[in-house]
Amino acid sequence: MGERRWRPGLVALGLAGAIACAGGVAWVVGASGERQPVLTAVRPVAAGAVIEAGDLGVVRLGVDDATQVVRAGDRGAVVGRRAVVPLVAGQLLASGQVGDAAKFPGLGQALVVIGAEPGMLPAGLAAGQRVAVVPGPSSGGAPAAEEKEGAKVPDPVLGVVHAVSRPETTSGKGAVTVLVDAGAVRRAAQMAEPRVAVLGGGVKEVS
């Protein structure tokens, strides 16, 4: 794949920063400085999967700290190794995301699986999107947690989508795997018939 020129400010950093943090990575991309060719993921790569040549592309951008990204000239040192954390199409590649084995979820994080009835998954839901997991209605239409007097409705659980499995039949169930803060696992488990809502780009935390 040939090089593309990306304008500063339009660079996709992937997984909304949450999975980047799982790899201990922080990027500093600025408009100043010499534009350099660096590697980017062009398609999703699961944590632990071998990175192939076709998974990588090249973009040119001004990087204030080039030590935190992988230069295009180092492609040979990346191909054949494993993704330490999940890679999402469009994100810059950092050296901390490449290794010999998966290190995911990161310390203080966990993966939770949310079952979903047909039609309950938001259209276009995909890995890397920020979501809120919220209690769903009971069979009677009222929030299940409120059916018992004095019961407290669990607060939403914020996270980042790791994987989506849509039902293969109209009677089947789908599932969404979400990366959340480890302290929120119990709260998610207490939700009755949870729903997944996609959040806008303004939400900054996973909690």
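All residue numbers in this chain count up from 1 along the given sequence.
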Look at the side-chain heavy atoms of Ile, Leu, Val, Met, Phe, Trp and Tyr, link any pair under 4.5 Å apart, and say whether Leu87 and Val79 land in one connected group.
yes

Any donor-acceptor pair under 3.5 Å linking the side chain of Arg187 with the backbone of Pro156?
yes

Is there a path of hydrophobic side-chain contacts, each under 4.5 Å between heavy atoms of I/L/V/M/F/W/Y residues, joining Leu125 to Met191?
yes

Given the rule that I, L, V, M, F, W and Y join up when any side-chain heavy atoms are under 4.5 Å apart, are Val176 and Met120 in one cluster?
no

Are any of the side-chain heavy atoms of Val38 and Val59 separated by less than 4.5 Å?
yes

Is it the case that one hydrophobic cluster holds both Leu111 and Val84, taking links as side-chain heavy atoms less than 4.5 Å apart, direct or via other members?
yes

Side-chain donor or acceptor of Arg71 paired with backbone N/O of Gln36 under 3.5 Å
no

Which heavy atom in Val112 sits nearest to a heavy atom in Val185, and how many Å separate them?
CG1-CG2, 4.1 Å

Is there side-chain contact between Arg130 and Val198, with heavy atoms separated by less than 4.5 Å?
no

Tell me whether Val58 is reachable from Leu56 by hopping between hydrophobic residues (I, L, V, M, F, W, Y) whose side-chain heavy atoms are closer than 4.5 Å.
yes

Taking every non-hydrogen atom, the tightest pair across Val164 and Val161:
CG2-CG1, 3.6 Å

Is there a donor-acceptor pair closer than 3.5 Å between any side-chain N or O of Ser165 and the backbone N or O of Gly174?
no

Compare every heavy atom of Pro194 with every heavy atom of Ile114, then report the nearest pair and how far apart it is.
CG2-CG, 3.7 Å

